[in-house]
Undergrad: 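Pasting a structure here, questions to come.
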Amino acid sequence: PPEDVRADLLEPSDTVTRCAYKGLASYHSARVNGDVVADVAWSYPEPLTEATRVAGYLCFSDEHADIELDGQGQ
């Protein structure tokens, strides 16, 4: 969920993709210590009817981000 993400490190990207099942995905880049990781996260702000439960959630590429939950690496 978005409230579990350091949104202060994310900035909108111009990248948009389309999924046949979920609809249009918007991307975000991360800026950390002056470095930018392009398109590290994406979300479906207005998913198709069949995928409304993913609306607003952020997904991260595990190739470009380390995920921690309650201080523990995932």
Side-chain angles (χ1 to χ4, degrees):
E3 62 270 10
D4 292 342
V5 175
R6 291 275 314 268
D8 59 309
L9 300 176
L10 297 178
E11 50 192 51
S13 166
D14 291 332
T15 303
V16 176
T17 60
R18 179 183 299 274
C19 171
Y21 304 104
K22 295 181 284 288
L24 292 178
S26 298
Y27 284 73
H28 305 273
S29 298
R31 184 175 300 273
V32 182
N33 298 324
D35 294 325
V36 175
V37 181
D39 299 336
V40 70
W42 64 96
S43 64
Y44 294 90
E46 297 178 18
L48 298 176
T49 303
E50 297 82 16
T52 56
R53 65 184 182 173
V54 302
Y57 279 72
L58 290 160
C59 301
F60 288 84
S61 169
D62 63 355
E63 296 172 0
H64 301 290
D66 294 327
I67 308 299
E68 287 188 14
L69 177 62
D70 295 331
Q72 300 293 317
Q74 299 296 309

Undergrad: Looking only at heavy atoms, which two atoms of His28 and Pro12 are closest? And how far apart?
TA: ND1-CA, 4.0 Å
Undergrad: Work out which heavy atom in Ala38 is nearest to a heavy atom in Ser29; give both atom names and the distance.
TA: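 Smallest heavy-atom distance, with atoms named: CA-OG, 3.3 Å.
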Undergrad: Looking only at heavy atoms, what is the nearest atom pair of Asp39 and Tyr27, with distance?
TA: OD1-CB, 3.6 Å
Undergrad: So, for Leu58 and Pro2, which heavy atoms are closest and what is the spacing to 0.1 Å?
TA: CD1-CA, 4.3 Å
Undergrad: Clusters formed by hydrophobic residues whose side-chain heavy atoms approach within less than 4.5 Å: which one holds Val32, and what are its other members?
TA: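 Via sub-4.5 Å side-chain contacts, Val32 links to Leu9.
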Undergrad: Quick one: closest heavy-atom pair of Tyr21 and Ala51, and the distance?
TA: O-CB, 3.9 Å
Undergrad: With rounding to the nearest 0.5 angstrom, report the OG1 to OH distance, Thr17 to Tyr44.
TA: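 It comes to 5.5 Å.
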Undergrad: With a cut-off of 6.0 Å (strictly less than), are more than 12 heavy atoms of other residues, nucleotides or ligands near CG of Asp14?
TA: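 Not buried by this count: 12 neighbours or fewer within 6.0 Å.
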Undergrad: So which atom in Thr52 and which in Pro47 form the shortest heavy-atom distance, rounded to 0.1 Å?
TA: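 Result for this residue pair: CA-CG, 3.8 Å.
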